[in-house]
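Everything on this sheet refers to the single structure shown next.
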Amino acid sequence: AQVRAIRNFDLELMMGNWHVVEYYASSEELPEYACMRSNFVFSSEDQHITMNFSYIFAEDPLREKLQGNITWLIPDFGTPGHWMHTEDIYEGIYNTYVLDTDYQNWGLIMHCAEKKKHPRYLSALLLSREATLGANVVTFLKEKLPRYDIDLSFMFPINQTSCEHLMESSKDDPLAYIVNEHQNTQDNFKVVNKP
């Protein structure tokens with residue numbers, strides 16, 4: 001199915017802090033994450049969108065916060081809900097689509113790598129402004145995913161409780177939750193941790 005970004009998208013309203021309350025990844029051997037947060041910033045200077053994200057591994061007794069970021073550009077301002085990664089990760093194009101959002105409470109974004117002939121849907125993030133999202137909203141948003149060959153049995157809830165006092169990490173693990181099968185490419189990422 002052709003992926004379509006949300007119509008009449010208001011970029012500015014999407015910016016700011018979100019909790020990632022559910023998460024899908026096409027590579028299933030994922031560790032469990034908790035306390036995953038995203039902060040979106042639009043820079044009018046270079047017209048780039050940056051998502052700074054942080055998370056912990058659920059099993060980590062130290063609750064060490066890992067962080068990184070992703071930067072996108074908007075290839076066509078006529079469809080501002082379609083973003084393209086500025087990092088050169090794949091041979092091919094790496095796209096992000098805002099599938100739906102009401103800006104105030106919830107959002108749904110999907111990352112896809114379009115390689116030569118086979119589109120590959122890597123991950124989907126179900127976003128909430130609050131730490132929890134009503135079950136009916138979660139169901140409504142998840143129902144938008146199967147048309148993109150996303151198997152909902154691989155949507156994992158992300159625990160957002162006791163996330164206030166995490167240990168600040170000395171090491172960065174950029175994009176690991178998306179490109180975990182490409183560990184060797186991590187050295188190519190330059191991560192800027194903005195205070």
Side-chain angles (χ1 to χ4, degrees), residues 3-25 30-43 48-72 80-83 96-111 121-148 150-169 172-178 193-195:
V3 185
R4 293 196 191 288
I6 182 174
R7 293 174 185 274
N8 306 316
F9 178 61
D10 188 319
L11 187 65
E12 291 290 331
L13 289 179
M14 180 79 190
M15 298 297 102
N17 288 306
W18 294 91
H19 299 78
V20 182
V21 290
E22 293 219 7
Y23 168 70
Y24 162 83
L30 282 182
E32 223 176 290
Y33 298 110
C35 302
M36 193 182 281
R37 306 274 176 92
S38 296
N39 178 262
F40 293 93
V41 180
F42 178 67
S43 156
H48 284 177
I49 301 155
T50 300
M51 178 178 83
N52 293 296
F53 61 85
S54 60
Y55 59 94
I56 64 173
F57 291 117
E59 300 298 308
D60 177 9
L62 297 176
R63 298 182 74 73
E64 184 181 32
K65 183 163 86 171
L66 300 165
Q67 47 201 352
N69 62 38
I70 304 175
T71 304
W72 296 275
H82 165 219
W83 311 338
T96 294
Y97 297 90
V98 180
L99 296 182
D100 203 357
T101 182
D102 74 344
Y103 307 106
Q104 309 287 309
N105 306 290
W106 49 264
L108 179 65
I109 67 176
M110 185 167 76
H111 306 302
Y121 302 108
L122 285 178
S123 62
L125 302 179
L126 213 158
L127 304 172
S128 172
R129 294 288 189 187
E130 302 296 323
T132 57
L133 201 53
N136 55 339
V137 180
V138 169
T139 302
F140 163 74
L141 291 172
K142 283 164 81 164
E143 283 171 355
K144 296 175 179 290
L145 295 172
R147 75 190 72 161
Y148 302 121
I150 285 181
D151 178 348
L152 293 184
S153 60
F154 292 112
M155 282 293 290
F156 300 104
I158 294 184
N159 190 333
Q160 293 284 354
T161 54
S162 354
C163 294
E164 296 319 309
H165 301 288
L166 304 178
M167 195 175 108
E168 291 294 333
S169 169
D172 294 309
D173 193 6
L175 301 190
Y177 72 109
I178 292 176
N193 287 318
K194 302 195 174 74

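Summarising the geometry of I150 relative to A124, their closest heavy-atom pair is CD1-CB, 4.1 Å, with the distance given to 0.1 Å.
Taken to the nearest 0.5 Å, the NZ atom of K65 stands 12.0 Å off from the NE2 atom of H165. With rounding to the nearest 0.5 Å, the separation of OH in Y33 from CG in L66 is 9.0 Å. Atom-to-atom distance recorded for M51:CE and W72:CH2 is 4.5 Å, nearest 0.5 angstrom. Atom OG of residue S38 and atom CG of residue L127 lie 6.0 Å apart, to the nearest 0.5 angstrom. For the atom pair NE2 of H82 and CZ of R4, the computed distance is 12.5 Å after rounding to the nearest 0.5 Å. Of the inter-residue distances, the one linking L125 atom CG with I109 atom CD1 reads 4.5 Å to the nearest 0.5 angstrom.
Residues satisfying the side-chain hydrogen bond (donor to acceptor under 3.5 Å, both in side chains) test with S128, not counting sequence neighbours, are none. With sequence neighbours left out, the side chain to side chain contact (heavy atoms under 4.5 Å, CB included) criterion links N105 to D102. With sequence neighbours excluded, the residues forming a side chain to side chain contact (heavy atoms under 4.5 Å, CB included) with D10 are E12, L13, Y103, listed by chain and number. Taking S162 as the reference, nothing meets the side-chain hydrogen bond (donor to acceptor under 3.5 Å, both in side chains) condition, with sequence neighbours excluded. In this view, W106 and F140 satisfy the ring-ring contact (aromatic ring centres under 6.0 Å, His included) rule, not counting sequence neighbours.
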Subject >> Audit row: Y97, H111, side-chain contact (heavy atoms from CB on, under 4.5 Å) steps and yes/no >> reply: CA-CA 7 Å; Y97 297 90; H111 306 302; over 6 Å; no
**OP:** Could you please spell out the steps behind the side-chain contact (heavy atoms from CB on, under 4.5 Å) verdict for F9 and M14?
**Re:** CA-CA 9 Å; F9 178 61; M14 180 79 190; 3.5 Å; yes
**OP:** Tell me, with the steps shown, if I158 and V21 meet side-chain contact (heavy atoms from CB on, under 4.5 Å).
**Re:** CA-CA 5 Å; I158 294 184; V21 290; 5.9 Å; no
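Annotation: side chain of T101 is in contact with side chain of W18 (closest heavy-atom distance under 4.5 Å). Inter-residue side-chain proximity for M167 and I56 is flagged as unmet; no heavy-atom pair is nearer than 4.5 Å. Residues C35 and L166 meet the side-chain proximity criterion, which asks for heavy atoms closer than 4.5 Å. For the pair M110/V3, a side-chain contact is recorded, criterion being any heavy-atom separation below 4.5 Å from C-beta on. The shortest distance between side-chain heavy atoms of Y23 and L126 does not fall below 4.5 Å. L145 has its side chain within reach of L99: a pair of non-hydrogen atoms, C-beta onward, lies under 4.5 Å apart. Contact check for F40 versus I49: side-chain heavy atoms found under the 4.5 Å cut-off. The side-chain heavy atoms of N39 and V41, taken from C-beta on, include a pair separated by under 4.5 Å.
The aromatic rings of F53 and Y55 lie parallel to each other, with less than 30° between the two planes, well short of the 60° mark.
The closest donor-acceptor contact from the side chain of E64 to the backbone of E168 lies at 3.5 Å or more, if one exists at all. H19 places a side-chain N or O within donor-acceptor distance of the main-chain N or O of R129, the cut-off being under 3.5 Å.
When ring centroids are compared, F156 and Y24 stay outside the 6.0 Å threshold.
Among residues at least two apart or in separate chains, salt bridge (Lys or Arg N to Asp or Glu O under 4.0 Å) pairs with a member in residues 130-145 are E22-K142, D100-K144.
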